[in-house]
Amino acid sequence: MLQQTQVKTVIPYFERWLQAFPTIAALATADLQQVLKVWQGLGYYARARNLHRAAQEILQHHQGIFPTELEAVLALPGIGRTTAGGILSAAYNQRVPILDGNVKRVLARVVALETAPNRTIARLWQASTVLLDPDNPRDFNQALMDLGATVCTPKHPACLICPWKEYCRAHTLNMQDELPVSETRPPLPRKSIGVGVIWNAAGEILIDRRRPEGLLGGLWEFPGGKIEPGETVEECIQREIREELGIEIAVGDRLITINHTYSHFHVTLHVHHCHHLSGEPQPIESDEVRWVQVTELEKFPFPKANIHIINALLAGE
DNA sequence: CACACGTGGGC
DNA sequence: TGCCCAAGTGT
């Protein structure tokens, strides 16, 4: 849960997660939809899918006991070097280094790394490995992360109270405010999406479940797709629904317009009410389609942007 | 190795 | 507002 996510954000999810899945066996035997529902809102949903699979692999290959060999831990889905090192050093005081965002920044300053950290990742792993206190790897790793979180911060590091200031090349050179070197990133691309809230004669709404891999994999959504050049929102929604669900609809009033940012692009969702005209919905580009009552929507895992749509529907009741 | 992969908070 | 960053991993 903590991968690329702040501790403060994780805590309430962690509490609810342990309520729902108190043991590895409970997680392994849970339905993926239930797992994603508990994860809803945390983001990077591959982590939930990987954790679910990891629990199943632990049942199958490790008698339900979390492994203590580095190689076996690294073999679990969703656990890389940093998570494995964090677990094995914290739980068993094993001599395994870590390299999370905090440690990257601390070490990039300590060695006055000339490049952006992600361009020289091997050098930083080397530093983390060499510096690791062989007599107390647990406390060393925790202290290194805490140093980055509280003293060697991204902006305005508190070098004067830093226990490593004498050994830190960045501080010695008075370069702490210029390091680490940041990557120059091009601006995120923008996409416009037409989305339909499709009603049938029974007053139900059509939702679909995304395929298990890729963006928001396994989550439910209101159907729609990318607005092509020269196309109106209404034309887009009608076309996408025909292509993805194989049904005919009439596009009606606008419900809401949502701006949302994902990790690698911005989107604007143009959401319209629609009415089902003909055809049985088919999961042509999704895993499953369903007609549901508005009151049932809360049972399904939805991404954040779609939660806004649900709230707009509830507000309009 | 570069890129995909969510969301919230800080400034 | 827009950009950076957060207990990174998989492909």
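A quick note: this is a predicted structure, and the numbers were derived from the prediction, not measured. Numbers restart at 1 for each chain; the letters A, B, ... are given by sequence-line order, proteins then strands.
A distance of about 22 Å separates the P atoms of C:dT9 and B:dG8, rounded to the whole Å. Nucleotides C:dA7 and B:dA4 are separated by 23 Å at their P atoms, to the nearest Å. Nucleotides C:dC4 and B:dC3 place their P atoms 15 Å apart, quoted to the nearest Å.
The residue among A:Val7 and A:Ile79 whose nearest nucleotide of DNA chain C lies closer to the 5′ end is A:Val7. Place A:Pro180 and A:Thr83 on DNA chain C by their nearest nucleotides, and A:Pro180 ends up nearer the 5' end.
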Residues 298-310 of chain A, side-chain donor-acceptor partners within the protein, below 3.5 Å, at least two apart:
residue, atom, partner, partner atom, Å
A:Lys304, NZ, A:His308, NE2, 3.4
A:Asn306, OD1, A:Phe222, N, 2.9

Taking distance alone, no hydrogens or angles, what donor-acceptor pairs closer than 3.5 Å link side-chain atoms of residues 182-190 of chain A to residues at least two apart or in another chain?
none

Check: residues 280-294 of chain A side-chain donor-acceptor pairs under 3.5 Å, at least two apart:
residue, atom, partner, partner atom, Å
A:Gln282, NE2, A:Glu280, O, 3.0
A:Glu288, OE1, A:Arg209, NE, 3.1
A:Glu288, OE1, A:Arg209, NH2, 2.8

Which atom pairs, donor and acceptor, lie under 3.5 Å between side-chain atoms of residues 212-220 of chain A and protein residues at least two apart or in another chain?
residue, atom, partner, partner atom, Å
A:Trp220, NE1, A:Gln33, OE1, 2.7

How does protein reach along nucleotides 5-11 of chain B, written 5' to 3' as B (base within reach of a heavy atom under 4.0 Å), S (only sugar-phosphate), or - (no contact)?
BBBS---

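Pairs engaging residues 233-249 of chain A under the salt bridge (Lys or Arg N to Asp or Glu O under 4.0 Å) rule: A:Glu231-A:Arg239, A:Arg239-A:Glu243, A:Arg242-A:Glu248 [sequence neighbours left out].
Whole-Å rounding puts the A:Asn50 CG to C:dG10 P distance at 6 Å. A:Phe14 has its CZ atom 16 Å from the P atom of C:dA7, to the nearest Å. Computed from coordinates, the A:Ile11 CD1 to C:dA6 P distance equals 17 Å when rounded to whole Å.
DNA chain C lies under 4.0 Å from at least one heavy atom of each of the following residues of residues 100-108 of chain A: A:Asp100, A:Gly101, A:Asn102, A:Arg105. Shown for residues 110-146 of chain A: residues whose heavy atoms fall under 4.0 angstrom of DNA chain C, namely A:Gln142, A:Met145.
The ring pair (Phe, Tyr, Trp, His ring centres under 6.0 Å) test applied to A:Tyr92 returns no partner, not counting sequence neighbours. Qualifying ring pair (Phe, Tyr, Trp, His ring centres under 6.0 Å) partners for A:His171, counting only residues two or more places apart in sequence or in other chains: none. Every ring pair (Phe, Tyr, Trp, His ring centres under 6.0 Å) that A:Phe21 has, sequence neighbours left out, goes to A:Trp17. Partners of A:Asp139 by salt bridge (charged side-chain N to carboxylate O under 4.0 Å, His left out), not counting sequence neighbours: none found.
If you check every strand for non-hydrogen atoms under 4.0 Å, A:Pro77 touches sugar and phosphate atoms only. Looking at heavy-atom distances under 4.0 Å, A:Gly78 makes contact with sugar-phosphate atoms alone, never a base. Counting non-hydrogen atoms under 4.0 angstrom, A:Leu99 reaches nothing in the nucleic acid.
In terms of modelled atom types and a separation under 3.5 Å, the side chain of A:His270 and the main chain of A:Ile237 share no donor-acceptor contact.
At a threshold of 4.5 Å between non-hydrogen side-chain atoms, the residues A:Trp39 and A:Tyr13 do not count as touching.
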